[in-house]
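So you know, we letter chains A, B, ... as the sequences are listed, proteins then strands, and number each from 1.
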There are 2 protein chains.
Amino acid sequence: MINKLEMFIAVAKEGHFGRAAESLGVTQPTLSTGIKQLEENLGVQLIFRGSRYGGLTPEGARALVWARRLVGDARAFREEMRVSRHGLSGHLRLAVIPTALTWAAKLSARFAEAHPKVRFTILSRNSSDILKMLENLEVDAGLSYLDNEPLGRMTTAPIYTERYTLVCHADNPLALQSQVTWADLAGERLCLLTPDMQNRRIINQCFMEADVTPDALVEANSTLVLAAHVEQGGWVTILPSDMARFLSAGKHLAIVPIMGAHVEHIVGLVAPFREPHTPVLDALLTQAAGLNRA
Amino acid sequence: MINKLEMFIAVAKEGHFGRAAESLGVTQPTLSTGIKQLEENLGVQLIFRGSRYGGLTPEGARALVWARRLVGDARAFREEMRVSRHGLSGHLRLAVIPTALTWAAKLSARFAEAHPKVRFTILSRNSSDILKMLENLEVDAGLSYLDNEPLGRMTTAPIYTERYTLVCHADNPLALQSQVTWADLAGERLCLLTPDMQNRRIINQCFMEADVTPDALVEANSTLVLAAHVEQGGWVTILPSDMARFLSAGKHLAIVPIMGAHVEHIVGLVAPFREPHTPVLDALLTQAAGLNRA
DNA sequence: AATTTCAATAGCGAAATGCAATCAATCAGG
DNA sequence: CCTGATTGATTGCATTTCGCTATTGAAATT
């Protein structure tokens, strides 16, 4: 039953029987019969298909919600039993927005101190991908904006609020100012994150409110790329203060606070709501609460 | 997986492999290996046993919570899929405290009007048994006190509040009074529910507060027995007004309100919390809300 | 029209499931 | 300390299920 549901989730996610089968490590016929059996077992057609995947039926969409719940709970159950034997250990998969990657490191560092046997996988993703991955049980938790995207049944733990700063080459005239306004950046050659990132949309919003049309000459999905461009000279970028400090350290770069950057966005841990949580996730949420206080 | 969990739940409930196997319609060896496989699969011992059932291990107790969740959700899932095909139909199992049986009838009558294809099983049980049966998934919902026993993760819908009245033979001198006090009942030959019933404990409490030691000469677990005794003469009983009216109708009995019976207890529908509910249960909760307004 | 893509189906060996029969350990009573 | 009853584990065997390879059939693409 549970493994059939996993198959169903995989097909719904991939939209393709062959790829879904591959992702599960089974052959396509196995997955085909699995779905068929699930449908017969439930007495409902879940997937439209006539020699090709044709989307979920309405019942299939409802079933997907249950399937995720059941599979997620079954994994949490196994996890809890495993932990009760081997102590807090195993693998914690985290998806993190690029601007929060330094905080992810802080979080995992502190966590590892307390629970050295836990391994981490940390993936850089945009916030909407993080939600999708949480839904599909591809990661255990996310580090993302808590106050922006609509989060369904999720547990959250705030960690910090983003404050934006300008990062420019030390030779840039702006580097001499004690602070700048969004309007000051009108003519600058900007280097920003790609628009699929929540962070970029927030910055766009700030420019809009200052009646400035920003000129993003370079777009990237990694803050490292932004900083590297700024170091080359000719470009400037906008980063949360923490990330700005991390990337500019030891380089010929300047950090200038941006006035009127009053829009503060809360970043924190996001995990599927489940009662009780897995022991590792529980420990992680505790750790996040500690970081928030600090 | 799911069926192994069902086995585990059955063993935990029965405290006996043979009986658990019988209750599931499998043989004892099948169940024995089922439990063993579950334990191997999870890597944890769930049940103490050496040629005899010896209770759950600590891990077993934790696992039981998950097992109930998973099995309950799996059933709710199946139910929802079934309903999406055959419309609102099937079997609704209800456990009801004896004093609320007339309300159970009201509830099922109204429900049947709206959803004629749903069959009912209504069992009379005391309130603590109702909670146990809900936990073990033996019933879908209960009709019981909402304000007394500690209910864990449950959905509730209030329906009415109990008000106690004296029921006595019409020839009894008390029948002439417009109302009586708890103290007035001191010398009467009382016929009450057994002490395992919450209702009886509430009545004991009322007597205690009036400094009266009640004299329950007949105890029964059915209100019908109480009324029948009262009709025979010589006994009096105490019943919620609605039940009193129902049982005394057409008989030579009198109903007298009891003064100072200010302790009102809320009775309503109780069902395991689950998101979303099964469609039938959802409809039942709606129906209960309707009854409450009426 | 030829080719490619994609899911369903057939056939087969391996693994699992579930039963009846049996065994081993424990308990109650004499 | 023995004896019969209880209770769960074990064994052996038939049946079913599972998952693979190979193939087919139907659309989509060229």
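- For dA7(C), one of the phosphate oxygens OP1 or OP2 lies less than 4.0 angstrom from a side-chain nitrogen or oxygen of His16(A).
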List the atom pairs, with distances to 0.1 Å, where a side-chain N or O of residues 127-134 of chain B and a protein N or O form a donor-acceptor pair under 3.5 Å, not counting sequence neighbours.
residue, atom, partner, partner atom, Å
Ser127(B), OG, Glu149(B), OE2, 3.0
Ser128(B), OG, Asn126(B), OD1, 3.1

Please report, to 0.1 Å, the donor-acceptor pairs under 3.5 Å made by any side chain of residues 270-277 of chain A, with sequence neighbours excluded.
residue, atom, partner, partner atom, Å
Arg274(A), NE, Asp73(A), OD1, 2.5
His277(A), NE2, Thr155(A), OG1, 3.0

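- If you take CD of Glu14(A) and P of dT5(C), they are 18 Å apart, rounded to a whole angstrom.
- You'll find that the side chain of Phe17(B) is closest to dG8(D), out of dG8(D), dT17(C), dA8(C).
- In this view, Phe17(A) satisfies the ring pair (Phe, Tyr, Trp, His ring centres under 6.0 Å) rule with no residue, not counting sequence neighbours.
- Put simply, Lys36(A) has a side-chain N or O that comes within less than 4.0 Å of OP1 or OP2 on dT9(C).
- With sequence neighbours excluded, no residue forms a salt bridge (Lys or Arg N to Asp or Glu O under 4.0 Å) with Arg52(B).
- Listed by chain and number, the residues in a salt bridge (Lys or Arg N to Asp or Glu O under 4.0 Å) with Arg75(B) are Glu6(B) (sequence neighbours excluded).
- A search for salt bridge (Lys or Arg N to Asp or Glu O under 4.0 Å) contacts involving Arg78(B) returns nothing, not counting sequence neighbours.
- Here the side chain of Gln37(B) is nearest to one of dA9(D), dC6(C), dT17(C), namely dT17(C).
- Atom CG in Leu24(A) sits about 16 Å away from atom P in dC18(D), given to the nearest Å.
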**Message:** Base contacts versus sugar-phosphate-only contacts with protein, heavy atoms under 4.0 Å: please encode nucleotides 19-30 of chain D as B, S and - from 5' to 3'.
**Reply:** SBBB----SS--

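- Ring geometry, Phe120(A) versus Phe111(A): the interplanar angle exceeds 60°, so the pair is classed perpendicular (tilted spans 30 to 60°).
- For the salt bridge (Lys or Arg N to Asp or Glu O under 4.0 Å) test, residues two or more places apart in sequence or in another chain that qualify with Lys13(B) are Glu138(B).
- Direction change of the helix axis from one end of the helix from dA1(C)-dT30(D) to dG30(C)-dC1(D) to the other is 30°, with five pairs defining each end axis (rounded to 10°).
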